[in-house]
Amino acid sequence: MASELGIQEQVFGGEHHSGRVARPLWAAMKRGALGRCPHCGQGKLFAGFTKSVDKCSVCGEELYHHRADDLPAYLVIVIVGHIVLGAFMAVEATSTLSMWQHIAIWVPLTIALSVALLQPVKGAVIGLQWALYMHGFGGEKDATEPRPGT
């Protein structure tokens, strides 16, 4: 039906849209989450806690142009929120803790989980961008699209 109307199916990533070889998405995200280069899995991905290296020291893959921006922080908020809220509701339903006991449990847990998950989530986002040839990982310059109607 869609082909009869002249509508093309959109397929994102890999060889379908550009003739490029598909990169292993889950392997790249796993490598990034482990703090390794999404291309070779050997070189370090981070120079600091959340500062990525400009280039892999092993394979030479350029990583400076990734655009993780705020997505890792948003994902960490969603993940930690679900874990802490679910655990809080379970504890609240099965025990009678005071307000101070809840604060003593949930505030440190929330902070610890957020700090522990930020780097792995950012690495996975960088791996996702590399695997899908996003934001300069495909060799082209990442340009801003013009506004519609201009």
Side-chain angles (χ1 to χ4, degrees), residues 2-3 7-93 99 101-150:
S3 60
I7 300 172
Q8 291 182 342
E9 179 185 4
Q10 289 186 339
V11 180
F12 298 98
E15 60 214 20
H16 298 293
H17 68 48
S18 64
R20 298 177 182 151
V21 175
R23 292 176 175 169
L25 176 64
W26 295 111
M29 289 180 68
K30 180 181 175 184
R31 291 172 186 158
L34 294 173
R36 299 289 171 203
C37 170
H39 181 229
C40 68
Q42 300 297 315
K44 288 176 53 176
L45 182 58
F46 294 103
F49 181 64
T50 58
K51 170 76 172 124
S52 62
V53 296
D54 289 337
K55 187 165 104 169
C56 176
S57 61
V58 176
C59 69
E61 179 76 33
E62 292 182 342
L63 302 166
Y64 68 90
H65 43 66
H66 76 84
R67 299 277 310 267
D69 298 332
D70 292 335
L71 180 61
Y74 294 138
L75 294 175
V76 167
I77 289 169
V78 169
I79 294 166
V80 171
H82 280 82
I83 292 170
V84 171
L85 184 62
F88 169 78
M89 290 174 62
V91 168
E92 183 66 19
M99 179 70 72
Q101 289 171 320
H102 278 296
I103 290 172
I105 295 169
W106 305 117
V107 171
L109 182 64
T110 302
I111 293 169
L113 283 173
S114 298
V115 170
L117 288 174
L118 188 56
Q119 189 181 48
V121 170
K122 183 170 183 174
V125 169
I126 294 171
L128 171 83
Q129 292 177 354
W130 175 83
L132 297 180
Y133 294 95
M134 296 170 66
H135 304 300
F137 285 117
E140 69 280 347
K141 185 171 172 52
D142 195 20
T144 305
E145 294 182 11
R147 289 185 170 185
T150 57

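Throughout, residue positions are numbered sequentially from 1 according to the sequence presented.
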Measure the CG-CG distance between L71 and L128 for me, rounded to the nearest 0.5 Å. 8.0 Å

Do H65 and Q129 have side chains that get closer than 4.5 Å, going by heavy atoms? no

Not counting sequence neighbours, which residues clear side chain to side chain contact (heavy atoms under 4.5 Å, CB included) with V107? List them please. I103, I111

What is the distance from atom CD1 of I79 to atom OH of Y74, rounded to the nearest 0.5 Å? 15.0 Å

Show the nearest heavy-atom pair for residues E61 and C37, with the distance to one decimal. CB-SG, 4.3 Å

Taking the side chain as everything from C-beta on, heavy atoms only, tell me whether P38 gets closer than 4.5 Å to L63. yes

Enumerate the residue pairs fulfilling ring pair (Phe, Tyr, Trp, His ring centres under 6.0 Å) with a member in residues 31-51, sequence neighbours excluded, ordered by first and then second residue. H39-W130

Check whether any side-chain heavy atom of R36 sits under 4.5 Å from a side-chain heavy atom of K44, and report yes or no. yes

Apply the test side-chain contact (heavy atoms from CB on, under 4.5 Å) to residues I126 and S52: give CA-CA distance (whole Å), side-chain angles for both, the deciding distance (0.1 Å), then the verdict. CA-CA 9 Å; I126 294 171; S52 62; 4.2 Å; yes

Looking only at heavy atoms, what is the nearest atom pair of S57 and G43, with distance? OG-CA, 4.4 Å

Determine which pairs satisfy salt bridge (Lys or Arg N to Asp or Glu O under 4.0 Å) with at least one residue from residues 68-84, sequence neighbours left out, and list them in order. R67-D69

Distance col, row I77:CD1 vs T110:OG1, nearest 0.5 angstrom, shows 11.5 Å

Rounded to the nearest 0.5 Å, what's the gap from OG1 on T50 to CD on Q119? Could you check? 8.0 Å

Could you state the interatomic distance from CD (Q42) to SG (C56), rounded to the nearest 0.5 Å? 8.5 Å

NE2 (H66) and CE (M134) are apart, to the nearest 0.5 Å, by 12.5 Å

